[in-house]
Amino acid sequence: MSFPETRLRRLRYHPRVRELVRTVRLAPKQLIWPLFVREGVGVRQEIRSMPGQFQLSLDELVREGREAVALGLGGVILFGIPAEKDDLGSDSYAQAGIVQRAVRALKDATPDLLVITDVCFCEYTSHGHCGVIHETSHGADVDNDATLELLARQAVSHAEAGADIIAPSGMMDGMISAIRRGLDRAGHMETPILSYAAKYASAFYGPFRDAAESAPQFGDRRTYQMDYAADPAQAIREVEQDLAEGADMVMVKPALAYLDILHRVRTQFPGVPTAAYNVSGEYSMVKAAAAQGWLDERAIAIESLSAMHRAGADIILTYWAKDVARWLGA
Ligand code: PBG
């Protein structure tokens, strides 16, 4: 059939018909809100490059946790900013580390809230890299295998504090099996792992490094995070590897400029819960333009997140989580 029998606009004239035939629907339950925790009391420090997002002390974090529950969000993911950083990032696996205390505070105040923890070292190390540093023939770099043991330790400490899902983001080879083994040995065989499986070295993380105070003090992250110009099949290999090591869910990051990768992962691994991280730079660009009155923040946010969902994300990590939940409910 072709025109005039077929008129594709027929499904678009009536707003109720348009609604009826929609298949891409955003729901607050699929959104995860990233939160930054730091020491102190009553601290609510706005992140300069991310208007509307804050570094929070534990008491303020709990307030946000209550709101996340009230808005029906899928959960939160925590990033810690320790008072003291060192070479090994030892606060990241301390029983009384900032994130461990944050998890306990949330689990006490809002047991219903799903709490995910980011497992990495860059926020905790004095050098800002995602693991232990050693000297190599190409200069100082992260020691992959020495980092694995510490990652497992960090993950176990998060699970002990009560984290519901562990999300390693360091892009070390073998990190999922090291963490899985560590968790299982410590009796946490029921704690799922959401792997940042296809994570690219990206300039879109710029504002996050302000937020988490985690910019690398030398070099960059290109020896561990993926190259955006690499064959996209590399992303499939990363996901395959992490699944083989025991990842329960996988993530593609960043989101908006990587929807092709997201779609490939979705298609290649049906049935594997797939997340997209709508990262700091994606958020800040829109905030900056909206502040100038150049575009409509709400419309852009909902359209972008819908596109991520359409491309294959079941779960979306986004700084807009709270706003979008309100907008969808309004
Ligand atoms: C930690 C981590 C980063 C982000 C999430 N986890 C920073 C990085 O890899 O440099 C970025 C998130 C964002 O930009 O919103 N490794």
Side-chain angles (χ1 to χ4, degrees), residues 34-41 43 45 55-58 61 77-107 115-136 139-163 165-188 191 193 195-196 199 205 208-221 223-225:
L35 292 171
F36 301 95
V37 256
R38 65 174 311 143
E39 300 290 345
V41 179
V43 180
Q45 195 173 316
Q55 294 181 341
L56 305 164
S57 53
L58 297 185
L61 173 75
I77 182 165
L78 301 181
F79 296 93
I81 304 144
E84 305 272 343
K85 304 190 187 217
D86 58 30
D87 272 9
L88 293 178
S90 54
D91 189 86
S92 71
Y93 47 82
Q95 210 204 335
I98 182 71
V99 159
Q100 289 78 358
R101 279 181 290 134
V103 172
R104 289 195 184 93
L106 284 174
K107 283 287 144 190
V115 177
I116 306 176
T117 53
D118 181 84
V119 170
C120 195
F121 286 101
C122 58
E123 302 114 74
Y124 303 91
T125 49
S126 38
H127 45 73
H129 278 284
C130 305
V132 187
I133 298 296
H134 67 164
E135 280 302 323
T136 72
D141 196 1
V142 176
D143 184 340
N144 192 90
D145 297 11
T147 300
L148 295 180
E149 188 195 326
L150 292 176
L151 279 172
R153 222 163 128 179
Q154 188 185 142
V156 169
S157 75
H158 290 179
E160 255 155 30
I165 299 177
I166 300 294
S169 65
M171 289 298 285
M172 293 301 122
D173 286 325
M175 69 177 183
I176 302 304
S177 59
I179 289 172
R180 185 71 272 160
R181 259 185 255 139
L183 287 172
D184 287 3
R185 258 187 226 136
H188 299 289
T191 304
I193 299 176
S195 177
Y196 286 66
K199 175 175 179 180
Y205 307 152
F208 175 93
R209 292 175 188 172
D210 271 356
E213 301 175 8
S214 63
Q217 299 302 300
F218 63 87
D220 52 44
R221 304 208 201 289
T223 70
Y224 40 105
Q225 298 179 349

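Both backbone and side-chain heavy atoms feed into the values below; hydrogens, waters and symmetry mates do not. In what follows, residues are counted from 1 in the order of the sequence shown. It should be emphasised that the depicted structure is a prediction, and the values quoted were computed from it without experimental measurement.
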*Apply side chain to side chain contact (heavy atoms under 4.5 Å, CB included) to the pair L61 and L106, showing each step before the final yes or no.*
CA-CA 8 Å; L61 173 75; L106 284 174; 3.9 Å; yes

*Audit row: L78, V115, side chain to side chain contact (heavy atoms under 4.5 Å, CB included) steps and yes/no*: CA-CA 8 Å; L78 301 181; V115 177; 3.8 Å; yes

*asked:* If you apply the rule side chain to side chain contact (heavy atoms under 4.5 Å, CB included), what do you find for S57 with Q45, and how did you get there?
replied: CA-CA 9 Å; S57 53; Q45 195 173 316; over 6 Å; no

*Yes or no on side chain to side chain contact (heavy atoms under 4.5 Å, CB included) for C122 and R221, after CA distance, side-chain angles and deciding distance?*
CA-CA 10 Å; C122 58; R221 304 208 201 289; 3.6 Å; yes

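Remark: side-chain polar atoms of D91 are paired, donor with acceptor, to backbone N or O of I98 under 3.5 angstrom. Remark: side-chain polar atoms of Q217 are paired, donor with acceptor, to backbone N or O of A215 under 3.5 angstrom. Within the 3.5 Å criterion, the main-chain N or O of A146 finds no donor-acceptor partner in the side chain of H134.
Contact detail for A167 and I116: the closest heavy-atom pair is CB-CG2, 3.8 Å. Residues K85 and P82 approach most closely at CG-CG, 4.2 Å, considering heavy atoms. Taking every heavy atom of both residues into account, T147 and C130 meet most closely at CG2-O, 3.8 Å. In terms of heavy atoms, A152 sits closest to A178 at CB-O, 3.6 Å. The minimum heavy-atom distance between I166 and P168, with the atom names listed, is O-CD, 3.4 Å. Listed here is the closest heavy atom pair of R180 and H188: NH2-O, 3.0 Å.
Under the side chain to side chain contact (heavy atoms under 4.5 Å, CB included) criterion, T125 pairs with F121, H127, not counting sequence neighbours. Evaluation of the ring-ring contact (aromatic ring centres under 6.0 Å, His included) rule for F79 yields F36, F208 as partners, not counting sequence neighbours. Residues satisfying the side chain to side chain contact (heavy atoms under 4.5 Å, CB included) test with D173, not counting sequence neighbours, are N144. Y93 is linked by a ring-ring contact (aromatic ring centres under 6.0 Å, His included) to nothing, counting only residues two or more places apart in sequence or in another chain. Partners of S92 according to the side-chain hydrogen bond (donor to acceptor under 3.5 Å, both in side chains) rule, which considers only residues two or more places apart in sequence or in another chain, are Q154. Evaluation of the side-chain hydrogen bond (donor to acceptor under 3.5 Å, both in side chains) rule for D118 yields S169, Y196 as partners, not counting sequence neighbours.
Side-chain atoms of K199 and Y224, non-hydrogen and from C-beta on, never get closer than 4.5 Å to each other. Counting heavy atoms from C-beta on, the side chains of Y205 and Q225 come closer than 4.5 Å. Contact of the E213 side chain with the E123 side chain is not registered, since no non-hydrogen atoms from C-beta on lie closer than 4.5 Å. Contact check for V41 versus V43: no side-chain heavy atoms found under the 4.5 Å cut-off. Taking 4.5 Å as the limit, every side-chain heavy atom of I81 sits out of range of all side-chain heavy atoms of V37. The shortest distance between side-chain heavy atoms of V142 and V132 does not fall below 4.5 Å. The side-chain heavy atoms of D87 and I133, taken from C-beta on, include no pair separated by under 4.5 Å. Annotation: side chain of I77 is not in contact with side chain of L35 (no heavy-atom distance under 4.5 Å).
The only member of V99, L150, D86 that meets side chain to side chain contact (heavy atoms under 4.5 Å, CB included) when paired with Y124 is V99.
E135 contributes atom CD, which lies 11.5 Å from atom CG of D143 (distance to the nearest 0.5 angstrom). Put simply, CD1 on I165 and NE2 on H158 are 14.0 Å apart, with the number rounded to the nearest 0.5 Å. To the nearest 0.5 Å, the span separating CD on Q55 from CZ on R38 amounts to 4.5 Å. Atom-to-atom distance recorded for L151:CG and M172:CE is 7.5 Å, nearest 0.5 angstrom. In this structure, I179 CD1 and T191 OG1 are separated by 12.0 Å, a value rounded to the nearest 0.5 Å. The OG atom of S195 sits 4.0 Å away from atom CE of M175, with the distance rounded to the nearest 0.5 Å.
With respect to E39 and R101, a salt bridge is recorded, a charged nitrogen being found less than 4.0 Å from a carboxylate O.
Donor-acceptor pairing under 3.5 Å is recorded for the side chains of D141 and T223.
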